[in-house]
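Input: one structure, supplied below.
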Amino acid sequence: MVKKVAIIGAGISGLASIRSCLEEGLEPTCFEKGEDVGGLWKFSTLVSSVNKRPDFSVTGQWDVITEKDGKKESAAFDAVMICSGHHVYPNLPKESFQGLQLFKGKCFHSWDYKEPGIFKGKRVLVIGLGNSGCDIASELSHTAEQVIVSSRSGSWVMSRVWHGGYPWDMMFITRFETFLNNNLPTVISDWWYVKQMNARFKHENYGLMPLNGTLRKEPVFNDELPARILCGTVTVKPNVKEFTETSAIFEDGTVFEAIDCVIFATGYSYAYPFLDDSIIKSRDNEVTLFKGIFPPSLEKPTMAVIGLVQSLGAVIPTTDLQSRWAVRVIKGTCTLPSVKDMMNDIDEKMGKKLKWFGKSNTIQTDYIVYMDELASFIGAKPNIPWLFLTDPKLALEVYFGPCSSYQFRLVGPGKWPGARNAILTQWDRTLKPTTTRIVGSPLKPCLFCSWFRPVLISVLSIAAFLVLF
């Protein structure tokens, strides 16, 4: 009998889950606000609750109760995949700012920001130095009278254009770069990381330097902000100590007067109000899920959370691999370790994450390490040593080039015959849209240039240590 899977959420994670279910012969039903897409899947308005059926310990089935036009319906499913992500509920921490209740200007979350025109001639305070805060501040700096960004801890600001004018992720997220970061001595790895983050400009000179610059917290991607700060149209300040009726007093004692509007770019939170708290437990900001997907304490592994991770890598390949593994576990072709082993793995990974990313980023993960873990569960992880023996040309591109999603379609379930050629020609497709005026052959990056310097520095450091000691 074909297993029925309830998919809660129709975003990127939901679509990846639908695809994986169809590939494995399962029957997905997607619940989300929206309309039926071409008659393929049923879309209900609201999921009220998801509960274990009385015989869950035997069948692993769930009752999914939905509400539409005031009418509730219940249906049984063999599995549930939660795909609502982690950008769900706007986080508006008004209670954290003394005197905010006295402020007479407008105050809202970046979720409600639509366009810059209405802020022409206004004095705007943006709280938060994440991607939303930097984008809004940069955009408003062209129309508003004055824009100030307040940051509690600072942030690295990266350009989408990396060394040589190539896309940053294709140069930065490689298997060899990951190997160096995870295996070099900590002092060298931290130094090299800070140097890379400061390659475009010195963050100290712009007031952007993170308080703990060696933490691998997700950086901000904004090509315009440094120029707007340099021009004086955006000013960076520390955290707000106190609000008055018309102004904000910062922790350094400076004051921003006559504020018209405060925009809180303070991120989002996530929750599962349709689930019993005992199913998915959270400790502070920790997610108690095996590999960020499976609740370890369930009698049957028939619930999966897709998209509740954050990394420097692309979202679509991540959710694709998550759903591919999750569906095979649900189908029964893959099995999970014991509850004890899963909990030990969660605790071990959490310790590493706290050290690597910091307390506030416990859903963040190392992209390539995480992807390889998931791929290994379904037999889709590329065997690098074997590739070097059998296909050196491909191996060089896989190991030193961009870690693109094609790598996880070379072998195993879902293998794609065109994956090899797609990897070898990925730079051709990347450069084609930018070479609209032909002035010579497009220059592809050297696979070895990006890592030659850190290797040379490491060798020299080890040699100096041996000589001196």
Side-chain angles (χ1 to χ4, degrees), residues 11 87-161 168 200-210 218-269:
H87 293 139
V88 184
Y89 304 104
N91 178 37
L92 191 58
K94 292 184 176 182
E95 67 282 353
S96 301
F97 294 92
Q98 182 180 345
L100 185 60
Q101 69 277 9
L102 303 174
F103 180 66
K104 293 184 177 181
K106 293 183 179 180
C107 177
F108 59 89
H109 192 271
S110 57
W111 172 268
D112 296 311
Y113 175 85
K114 304 303 179 186
E115 55 91 19
I118 61 174
F119 297 93
K120 185 174 182 179
K122 304 293 185 181
R123 296 167 63 83
V124 183
L125 172 62
V126 179
I127 296 180
L129 196 62
N131 284 295
S132 296
C134 291
D135 287 346
I136 290 172
S138 298
E139 187 172 66
L140 288 180
S141 67
H142 295 280
T143 57
E145 176 186 323
Q146 186 173 2
V147 178
I148 286 184
V149 179
S150 169
S151 175
R152 180 177 56 187
S153 57
S155 183
W156 294 118
V157 178
M158 291 178 65
S159 171
R160 295 175 180 85
V161 182
W168 77 270
R200 184 183 173 203
F201 64 93
K202 301 298 182 184
H203 284 64
E204 299 94 323
N205 297 342
Y206 289 73
L208 297 169
M209 183 72 179
E218 183 180 17
V220 170
F221 293 93
N222 192 293
D223 296 278
E224 190 179 11
L225 182 65
R228 306 313 295 170
I229 295 174
L230 197 61
C231 294
T233 55
V234 173
T235 305
V236 181
K237 289 288 185 178
N239 198 33
V240 175
K241 179 181 179 181
E242 181 182 359
F243 281 96
T244 67
E245 291 183 350
T246 59
S247 63
I249 304 172
F250 301 101
E251 290 182 345
D252 61 359
T254 58
V255 181
F256 185 24
E257 300 278 4
I259 303 174
D260 295 295
C261 182
V262 178
I263 302 176
F264 284 87
T266 44
Y268 297 82
S269 61

- Message: I need the minimum non-hydrogen distance between P116 and T143, along with the two atoms involved.
- Response: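 Reported closest heavy-atom pair: O-OG1, 3.4 Å.
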- Message: Keeping D260 on the side-chain end and R123 on the backbone end, is there a donor-acceptor pair under 3.5 Å?
- Response: yes
- Are the side chain of D252 and the backbone N or O of P238 linked by a donor-acceptor pair below 3.5 Å? no
- Query: Are H109 and Y268 close enough that their ring centers fall under 6.0 Å?
  - Reply: yes
- Note on the structure: For V262 and I127 the tightest heavy-atom approach is CG1-CD1, 3.8 Å
- Item | Interatomic distance, L225 atom CG to L208 atom CG [nearest 0.5 angstrom] | 6.0 Å
- Task: Working to the nearest 0.5 Å, report the span between NZ of K106 and NZ of K122.
- Result: 7.0 Å
- Query: Does the pair R200 and S159 meet the rule for a side chain to side chain contact (heavy atoms under 4.5 Å, CB included), with working shown?
  - Reply: CA-CA 8 Å; R200 184 183 173 203; S159 171; 3.6 Å; yes
- Note on the structure: Sequence neighbours excluded, the answer for side chain to side chain contact (heavy atoms under 4.5 Å, CB included) partners of N239 is F97, S150, R152, E251
- Calculate, to the nearest 0.5 Å, the distance between atoms CZ and CD1 belonging to F250 and I148 respectively.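 That separation rounds to 4.5 Å.
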- Check the angle between the aromatic planes of F108 and F119 and answer parallel, tilted or perpendicular using the 30° and 60° thresholds.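 Rings of F108 and F119: tilted, as their planes differ by 30° to 60°.
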- Item | Spacing of SG belonging to C231 relative to CD belonging to E224, to within rounding of 0.5 Å |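 Here the interatomic distance stands at 9.0 Å.
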- Message: Just to verify, which of I249, L100, I259 counts as forming a side chain to side chain contact (heavy atoms under 4.5 Å, CB included) with T244?
- Response: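 Between T244 and the candidates, side chain to side chain contact (heavy atoms under 4.5 Å, CB included) is satisfied uniquely by I249.
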- If every non-hydrogen atom of G128 is compared with every non-hydrogen atom of V149, which pair is closest and at what distance? O-CG1, 3.7 Å
- Query: Which residues satisfy the side chain to side chain contact (heavy atoms under 4.5 Å, CB included) test with Q98, sequence neighbours excluded?
  - Reply: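 Partners of Q98 under the side chain to side chain contact (heavy atoms under 4.5 Å, CB included) test: E242.
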- Note on the structure: Scanning both residues in full, the closest heavy-atom pair of G207 with V236 reads O-CG1, 3.4 Å
- Message: Suppose we screen for side chain to side chain donor-acceptor pair (under 3.5 Å). Which residues come up paired with D135, at least two apart in sequence or across chains?
- Response: N222
- Residues forming a ring pair (Phe, Tyr, Trp, His ring centres under 6.0 Å) with F201, sequence neighbours excluded: H203, Y206
- Please report the closest heavy-atom contact between N131 and P219, naming both atoms and the distance.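 Shortest heavy-atom contact: ND2-O, 4.1 Å.
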- How many angstroms lie between atom OG1 of T235 and atom CD of Q146, to the nearest 0.5 angstrom? 5.5 Å
- Atom SG in C107, atom CG in D112: separation rounded to 0.5 Å? 10.5 Å
- Message: Under a 3.5 Å distance rule, please check whether N91 uses its side chain to pair with a backbone N or O of T266 as donor and acceptor.
- Response: yes
- Among all residues two or more places apart in sequence or in another chain, which pass the side chain to side chain donor-acceptor pair (under 3.5 Å) test with R228?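 Partners of R228 by the side chain to side chain donor-acceptor pair (under 3.5 Å) criterion, ordered by chain and then number, come out as S141, T233.
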- Query: Are F243 and L102 side-chain neighbours, meaning at least one heavy-atom pair lies under 4.5 Å?
  - Reply: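 The answer is no; the side chains never approach within 4.5 Å.
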- Message: Just to verify, what does E204 make a side chain to side chain contact (heavy atoms under 4.5 Å, CB included) with, not counting sequence neighbours?
- Response: N198, K202, M209
- Task: Under the side chain to side chain contact (heavy atoms under 4.5 Å, CB included) rule, what do I263 and L140 come out as? Steps first, then yes or no, please.
- Result: CA-CA 11 Å; I263 302 176; L140 288 180; 3.9 Å; yes
- Message: Less than 4.5 Å apart, side chain to side chain, heavy atoms only: is that true for M158 and W168?
- Response: yes
